[in-house]
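Please read all numbers here as calculations on a predicted model, not as lab measurements.
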Amino acid sequence: MIKTVIIYTDGACRGNPGPGGWGVLIKYGESSKQLYGGDISTTNNKMELTAAIMALKEIKEPCKIILYTDSKYVLQGIEEWIHNWKKRGWRGANKKPVKNIELWKELDELRDEHNIKWNWVKGHSGDPGNETADMLANRGIDEL
């Protein structure tokens, strides 16, 4: 039987670009795991993508994953835009290379290992999982 894992991801940046962090809350059954990290000079979008990548890297076997992000950039990118980017050789509608291409390629590869339902959650709205991921992302910056 395939396991169901719930994941919350978030990225943060103080200045854009500036110091940034990413945070992840992974829940499986009664157990949970928290991950976070940071980068001294990055962007908010890079940290949002990194959070999703680090979360999926942590899952060591194919699972059903319910992933929550407050980033419409990540959600729309992975569900809508990526298909055309790949058809156009990783170029956007403007014919220029996709920003954060290496992160998008890594996320695309990792998602193929699982059955993922991507969900958007409004940030800073009291959702406990999102609030935890946000706190972890900020810890990633604080501990740089």
Side-chain angles (χ1 to χ4, degrees), residues 2-28 31-125 127-144:
I2 193 162
K3 296 177 182 175
T4 299
V5 177
I6 297 170
I7 297 174
Y8 287 86
T9 67
D10 199 14
C13 211
R14 296 188 187 145
N16 199 19
W22 56 269
V24 172
L25 172 64
I26 299 172
K27 297 168 77 174
Y28 172 67
S31 60
S32 66
K33 186 170 191 174
Q34 298 180 356
L35 309 167
Y36 64 93
D39 190 328
I40 197 73
S41 181
T42 188
T43 66
N44 189 62
N45 284 342
K46 284 181 181 178
M47 291 294 91
E48 294 284 2
L49 285 164
T50 299
I53 289 165
M54 298 307 285
L56 295 178
K57 280 184 169 182
E58 194 66 22
I59 310 301
K60 304 300 184 201
E61 63 187 82
C63 291
K64 177 181 178 190
I65 296 174
I66 302 167
L67 191 145
Y68 294 91
T69 177
D70 62 7
S71 170
K72 289 192 175 178
Y73 172 71
V74 170
L75 184 69
Q76 289 180 297
I78 202 69
E79 287 200 319
E80 300 170 30
W81 307 333
I82 201 165
H83 308 294
N84 285 327
W85 291 341
K86 287 163 71 172
K87 283 182 196 172
R88 291 190 291 255
W90 290 97
R91 294 190 176 274
N94 61 3
K95 307 230 188 314
K96 293 181 180 175
V98 171
K99 288 184 180 178
N100 305 313
I101 188 170
E102 294 309 316
L103 294 171
W104 281 114
K105 284 181 176 182
E106 188 172 7
L107 184 59
D108 186 40
E109 206 173 284
L110 287 164
R111 77 167 172 160
D112 288 343
E113 298 174 16
H114 306 284
N115 174 3
I116 304 174
K117 178 162 180 9
W118 300 84
N119 298 281
W120 182 77
V121 61
K122 185 176 181 178
H124 310 287
S125 63
D127 180 288
N130 178 257
E131 296 295 336
T132 299
D134 179 69
M135 179 269 303
L136 292 166
N138 280 289
R139 183 183 293 171
I141 301 171
D142 294 340
E143 293 185 11
L144 283 173

Grab the two heavy atoms, one from [X] and one from [Y], that are nearest each other, plus how far apart they are.
| X | Y | result |
| --- | --- | --- |
| His114 | Leu110 | CD2-O, 3.5 Å |
| Ala55 | Ile26 | O-CD1, 4.0 Å |
| Arg91 | Arg88 | O-NE, 3.0 Å |
| Gly20 | Ile141 | C-CG1, 3.3 Å |
| Thr9 | Val24 | CG2-CG2, 4.3 Å |
| His83 | Ile78 | NE2-O, 4.3 Å |

Spacing of [atom1] belonging to [X] relative to [atom2] belonging to [Y], to within rounding of 0.5 Å:
| X | Y | atom1 | atom2 | answer |
| --- | --- | --- | --- | --- |
| Trp90 | Ile82 | CH2 | CD1 | 4.0 Å |
| Lys57 | Thr50 | NZ | OG1 | 9.0 Å |
| Ile6 | Tyr28 | CD1 | OH | 11.5 Å |
| Tyr68 | Lys27 | OH | NZ | 9.0 Å |
| Trp118 | Ile65 | CH2 | CD1 | 8.0 Å |
| Ile7 | Met54 | CD1 | CE | 12.0 Å |

- Message: Would Asp70 and Glu48 count as a side chain to side chain contact (heavy atoms under 4.5 Å, CB included) here? Give the steps.
- Response: CA-CA 9 Å; Asp70 62 7; Glu48 294 284 2; 3.3 Å; yes
Would you indicate whether the side-chain heavy atoms of [Y] and [X] approach each other to under 4.5 Å?
| X | Y | value |
| --- | --- | --- |
| Asn100 | Tyr73 | yes |
| Lys86 | Val98 | no |
| Leu56 | Ile116 | yes |
| Glu58 | Leu35 | yes |
| Met135 | Arg139 | yes |
| Thr132 | Leu136 | yes |
| Leu103 | Lys46 | yes |
| Pro62 | Glu113 | no |

If you count every heavy atom of other residues, nucleotides or ligands that lies below 6.0 Å from [X] atom [atom1], does the total exceed 12?
| X | atom1 | value |
| --- | --- | --- |
| Lys87 | NZ | no |
| Lys33 | NZ | no |
| Glu79 | CD | yes |

Please check if the side chain of [X] supplies one atom and the backbone of [Y] the other of a donor-acceptor pair under 3.5 Å.
| X | Y | answer |
| --- | --- | --- |
| Asn138 | Asp134 | yes |
| Asp10 | Ala137 | no |
| Lys72 | Thr69 | no |
| Thr42 | Asp39 | no |

- Taking the inter-plane angle between the rings of Trp104 and Trp85 on a 0 to 90° scale, is it parallel (under 30°), tilted (30 to 60°) or perpendicular (over 60°)?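 Answer is perpendicular, since the angle exceeds 60°.
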- I would like to know whether Asp127 and Tyr8 meet side chain to side chain contact (heavy atoms under 4.5 Å, CB included); could you show each step before the answer? CA-CA 10 Å; Asp127 180 288; Tyr8 287 86; 3.2 Å; yes
